[in-house]
Asker: 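Here's a structure for you.
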Amino acid sequence: TPYRVDVVTIFPEYLAPLRQSLLGKAAERGLVAIGVHDLRRWTDDVHRTVDDAPYGGGPGMVMRPEPWARALEAVRPPGTRLVVPTPAGRSFTQAVAAEWAAEPGLVFACGRYEGIDQRVADWAARHGPVSEVSIGDYVLAGGESAVLVMVEAVTRLIPGVVGNRESVEYDSHADGLLEGPSYTRPASWRGLDVPPVLLSGDHAAIARWRRAESLRRTAARRPDLLAALPEDALGPADRAV
Ligand SMILES: Oc1ccccc1-c1ccno1
């Protein structure tokens with residue numbers, strides 16, 4: 001049975017890229033099934049109203065609970081995780097993506113920046129797990145871009161979606177470190193040469209060099225990742241770096 005992804009949004013056309021390329025092929029091959037649903041389908045007024053002024057005052061508008069509950073009752077298979085992108089969420093990481101890829105599917109609720117009435121998440125938690133997640137510390141106008149990011153990160157981990165399984169294993173963040181630099185032909189290009197070790201054929205030396213580059217880059221660009229590594233992640237050879 002395919003991994004099921006459903007997205008509820010007021011901008012269904014924004015999710016069109018989900019039908020293209022990698023995901024498109026996976027969908028054709030029956031590995032992934034994607035549904036995009038317009039929230040306004042579950043409104044009941046002539047203006048198809050989805051938001052209203054916030055209680056307690058303040059800027060912007062908040063999305064009303066009733067259309068969301070009707071949409072989720074129609075779209076969400078019982079027990080399926082509901083993912084709500086929000087700047088106020090826990091961090092979405094590769095580890096979270098891997099956890100979700102092992103589940104039967106996901107339902108995404110795309111909200112506007114000011115958010116969805118909190119009672120929707122509280123109510124939804126009665127019918128399955130709910131994850132309020134952020135994809136990073138910046139402000140978007142709505143959750144749609146975050147959904148594109150998360151759907152790509154999760155579905156590429158589903159067996160068969162990415163051709164070369166090994167490449168998935170050797171991703172940045174797969175071992176908690178950043179990937180080092182990559183090179184291809186020509187060996188000398190505009191006065192810049194590929195590091196000779198990579199042309200040496202000495203696979204042990206190449207592996208050592210790559211590990212060292214990965215550690216060096218992680219220390220330089222993401223010291224937070226280095227600090228977060230489990231105690232035993234760095235071997236004796238690594239300490240030499
Ligand atoms: O900024 C946002 C607005 C709406 C929904 C999600 C977000 C967001 C920002 C970062 N991660 O998610």
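Both ligands and their constituent atoms are indexed starting at 1 by order of listing.
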Asker: Within a distance under 4.0 Å of any heavy atom of Val139, pick out the atoms of ligand 1 and give their elements.
Answerer: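 Listed by number with element: 1 (O).
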
Asker: Please determine whether a side-chain nitrogen of the Lys or Arg among Arg70 and Glu73 lies less than 4.0 Å from a carboxylate oxygen of the Asp or Glu.
Answerer: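 No, no charged N to carboxylate O under 4.0 Å.
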
Asker: When rounded to the nearest 0.5 angstrom, what distance separates CZ in Arg210 from NE2 in His203?
Answerer: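 Here the interatomic distance stands at 9.5 Å.
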
Asker: If the contact criterion is a heavy-atom separation under 4.0 Å, does Phe92 count as touching ligand 1?
Answerer: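 No, that is not the case, since the closest heavy atom of the residue is not under 4.0 Å from the ligand.
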
Asker: Return the closest protein heavy atom for atom 11 (N) of ligand 1 as residue, atom name and distance.
Answerer: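 Here the closest protein heavy atom is Ile135 N, 2.9 Å.
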
Asker: Who's the nearest protein heavy-atom neighbour of atom 9 (C) of ligand 1, and how far?
Answerer: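 Among all protein heavy atoms, the one nearest atom 9 (C) of ligand 1 is Tyr138 O, 3.3 Å.
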
Asker: Only heavy atoms of Ser134, strictly under 4.0 Å: list the atoms of ligand 1 that pass.
Answerer: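 Per the distance check, 10 (C), 11 (N).
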
Asker: Between Ala146 and ligand 1, does any nitrogen or oxygen pair lie at a separation below 3.5 Å?
Answerer: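 No, since none of the N or O atoms of Ala146 sits under 3.5 Å from an N or O of ligand 1.
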
Asker: Can Arg112 and Asp51 be counted as an ion pair, charged N to O under 4.0 angstrom?
Answerer: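 Yes, Arg112 and Asp51 are salt-bridged.
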
Asker: Over 60° means perpendicular and under 30° means parallel, so classify the ring planes of Trp100 and Phe92, tilted if in between.
Answerer: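 Ring orientation of Phe92 relative to Trp100: tilted.
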
Asker: What residue and atom, counting heavy atoms only, is the protein's closest point to atom 10 (C) of ligand 1, and at what distance?
Answerer: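 Looking at atom 10 (C) of ligand 1, the protein heavy atom closest to it is Gly136 O, 3.2 Å.
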
Asker: How about Tyr183 and Trp189: are their ring centroids closer than 6.0 Å?
Answerer: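 No - the distance between ring centres of Tyr183 and Trp189 does not fall below the 6.0 Å cut-off.
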
Asker: Please report which non-hydrogen protein atom sits nearest to atom 7 (C) of ligand 1, along with the residue it belongs to and the distance in Å to one decimal place.
Answerer: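 Scanning the protein heavy atoms, the shortest distance from atom 7 (C) of ligand 1 goes to Pro87 CD, 3.5 Å.
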
Asker: Does the side chain of Val107 reach to within under 4.5 Å of the side chain of Arg81, using non-hydrogen atoms?
Answerer: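 The answer is no; the side chains never approach within 4.5 Å.
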
Asker: Test your reading of the model: is there a side-chain donor-acceptor pair from Thr155 to the backbone of Val151, 3.5 Å cut-off?
Answerer: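 Side chain of Thr155 to backbone of Val151, a donor-acceptor pair under 3.5 Å: yes, one is there.
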
Asker: Answer side chain, backbone, both or neither: which part of Asp137 comes under 4.0 Å from ligand 1, heavy atoms only.
Answerer: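 Near ligand 1, Asp137 shows nothing, with every heavy atom at 4.0 Å or more.
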
Asker: Determine whether a donor-acceptor pair (N or O, by modelled atom type, separation under 3.5 Å) exists between the side chain of Arg119 and the backbone of Trp123.
Answerer: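 Flag not set: sc Arg119 to bb Trp123 has no pair under 3.5 Å.
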
Asker: Using a 4.0 Å cut-off to any heavy atom of Pro85, which atoms of ligand 1 qualify?
Answerer: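 Result: 5 (C), 6 (C).
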
Asker: Starting from atom 1 (O) of ligand 1, find the nearest protein heavy-atom neighbour and note its residue, name and distance.
Answerer: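 Closest protein heavy atom to atom 1 (O) of ligand 1: Leu140 N, 2.7 Å.
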
Asker: Identify the closest protein heavy atom to atom 4 (C) of ligand 1: which residue and atom is it, and at what distance?
Answerer: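 I find the closest protein heavy atom is Gly142 C, 3.4 Å.
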
